[in-house]
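Below you'll find the structure, written out as structure tokens, and then a few comments.
Atoms within a ligand are numbered from 1 in the order they appear, just like the ligands themselves.
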Amino acid sequence: MSPVPCQLRLGRRLRYAEPVPPVPSPSAELLREVEILVQAQHPLLLVETVEENRVRTLLGYLADRLGLPLFIWDPVVGLEMQGPDGGRPAGTDKPGACLAFIEQADLEAIFLLPDFPSPAEEPLWAAQFKRIHRRYYRHRGCVVLSAPTVELGPGLEPLFSPFELPPPTPQVYHRFVSDLLAEVAERRPVSVDLSSDDVAELLRALHGLTFFEVEKIISRAVIEDGRLDRSDLDTVLQAKRRIIERSGLLEYFPHTERMNDIGGLTHLKGWLRKRYGAFADPERARRYGLSAPRGLLLLGVQGCGKSLTSKAIAAEWRLPLIRLDPGNLYEKFFGESERNLRRAIRIAESMAPCVLWIDEIEKAFGRGDNDGGTSSRIFGTFLSWLQEKKESVFVIATANDIANLPPELLRKGRFDEIFFVDLPSEPTRAQIFRVHLVRRGRDPARFDLPALAAATDGFSGAEIEQVVVSALFGAFSTEGEIDTASLLAEARATRPLSVTMREKIQQLRSWAHERAVAAE
Ligand code: ATP
């Protein structure tokens, strides 16, 4: 692979008649992958993407290479053959009529159906796809469904061969942005004020955006003030945030916590510090004989800082933090839940380097066999991704309940380490008081931290925070101020979880003793 260019110059725009906006040609590997599917007579192909233009370009190249006609469907005009001799078979604008035409034509041709309604919506269409499959698997003719999401339904799922558009490489983004700047420069003066580091950062930030989005963001940025500079990096990051949230599967967390906001967990913090270099520069790590860190599993008592740690890691490593709520993955149609997971993974990978936080992982994969095997299938998909993933996505999975954790998840090699986050020790409790007093603008030197730590044996970090907050409310209502005595009074009035859930915590501890490393 050629090195990533570190300067942005105003290159010459490549001009394609179709599609608009123009996108760079597909990579040789992608073209080859889809060519093999067609040559191997896979008559029904599926590509879930928002990048319709890339699919059009790809299939244009493929049709050329295989010498096959390319038809593209559109709900207004129906099917249209591409190229100079193009024609439109009449009456194919309705989905059912379009499928009937394809079936009866029995043609060695590529039919692209972008944004076609999902076959699961109408039993007749599903039946028509099955008939097309029976006829077309005898030759190289194929139908390609392309849309951001497609519901196939249980009958069609096994008949479709999915393929993915891999994220463009930094070199390809570079070429696209240079061409784009050149085009804008033909119409108005444009200056580029980016150091080579800025260019590298910009290309990293663009990773995961579609060409259409890049075009919109970059054109707008340069047209606004006639220049592309560091301040435009923020706009790119905002755009990425919107993409993540639009998916409905993932949530983007802005950086609010730092490692200094966490009391204790010294061993875990040290472990992370040592791994940072290898994660930030996986190439150098590989040359040194190390593989890039995959991620970790944080097990522990409620309210002891597992979520806080996930946020702090992303902030320290200056990476986007993306949360996957496993509850959002489950859908009623067969196969849809796995597809949701694959889609979530694809989005996370397109945001790489990033931290993917899976909260309460036991809820995603520990559902037992009461759901017709959906959670086991999802789990299988997740494990193989975790094992083989190539993109820099650092996974942090958190769990409270070990009883429901599938044992495969705990096997060596899945995560780099399994940490147990226990109730905080006495010195850590003092630190946690300090963190929360400072956060609320109080000088910790005015408080007897050792006495507070001694009085809160068995309290979680969240409960200590609550002691501070409740004392503040009390003082606020009487227009007074908090002191050690009011904090001690709040602590005495609290019944911590370690009392109400003594047995459960004891079980968790003895389980973790043998299988996990103490975070403290
Ligand atoms: P749960 O399993 O219930 O989700 P958790 O282990 O993920 O709990 P957090 O959500 O991280 O716990 O903790 C809740 C809050 O308690 C944090 O936002 C933080 O304010 C406080 N807290 C917990 N542990 C610590 C700590 N070690 N240092 C500072 N604050 C802490």
### Query
Starting from atom 27 (N) of ligand 1, which protein heavy atom do you reach first, and at what distance in Å?
G263 O, 3.0 Å
### Query
Can you list the atoms of ligand 1 that are under 4.0 Å from a heavy atom of I262?
27 (N), 28 (N)
### Message
I'd like to know if the side chain of R440 pairs up with that of H436 as donor and acceptor (distance under 3.5 Å, no hydrogens or angles considered).
### Response
yes
### Message
Please report whether ligand 1 has a polar contact with E360, defined as an N or O pair separated by less than 3.5 Å (distance criterion only).
### Response
no
### Message
Taking distance alone, with N or O pairs closer than 3.5 Å, would you say S307 contacts ligand 1?
### Response
yes
#### Entry: D457 with R429: basic N within carboxylate O range, under 4.0 Å
yes
### Note: K269-E316 ion pair, threshold 4.0 Å (strictly below)
no
### Message
Within a 6.0 Å radius of atom OH on Y276, are there more than 12 heavy atoms belonging to other residues, nucleotides or ligands?
### Response
yes
### Query
Looking at E408 and R414, does any basic side-chain N land under 4.0 Å from a carboxylate oxygen?
no
### Protein residue, atom and distance nearest to atom 22 (N) of ligand 1, heavy-atom basis
G461 C, 3.7 Å
### Query
Does any N/O atom on E465 come nearer than 3.5 Å to any N/O atom on ligand 1?
yes
### Query
So, are D359 and R323 salt-bridged, with charged N and O less than 4.0 Å apart?
yes
### Message
Check R286 with E283, please: is the shortest side-chain N to carboxylate O separation under 4.0 Å?
### Response
yes
### Message
Give me the residue, atom name and distance of the protein heavy atom closest to atom 14 (C) of ligand 1.
### Response
A462 CB, 3.9 Å
### Query
With only distance considered, is C304 within less than 3.5 Å of ligand 1 through an N or O on each side?
yes
### Query
Can you tell me if CZ on R220 sees more than 12 non-hydrogen neighbours from other groups inside 6.0 Å?
no
### Task
Could you tell me whether L265 and ligand 1 have an N or O pair separated by under 3.5 Å?
no
### Message
V435 versus ligand 1: do any nitrogen or oxygen atoms come within less than 3.5 Å of each other?
### Response
no
### Message
Can you name the atoms of ligand 1, numbered from 1 with element, that are less than 4.0 Å from a heavy atom of D261?
### Response
28 (N), 29 (C)
### Summary
For atom 31 (C) of ligand 1, the closest protein heavy atom turns out to be L308 CD2, 3.5 Å
### Query
Among H436, R429, E463, which residue places a heavy atom closest to atom 30 (N) of ligand 1?
H436
### Task
Could you tell me if the ring centre of W511 sits under 6.0 Å from that of F420?
no
### Query
Crowded around E503 CD? As in, over 12 foreign heavy atoms under 6.0 Å?
no
### Task
May I ask you to check whether N400 has an N/O atom sitting below 3.5 Å from an N/O atom of ligand 1?
yes
### Query
Any idea which protein heavy atom is nearest atom 8 (O) of ligand 1, and the distance to it?
G303 N, 2.8 Å
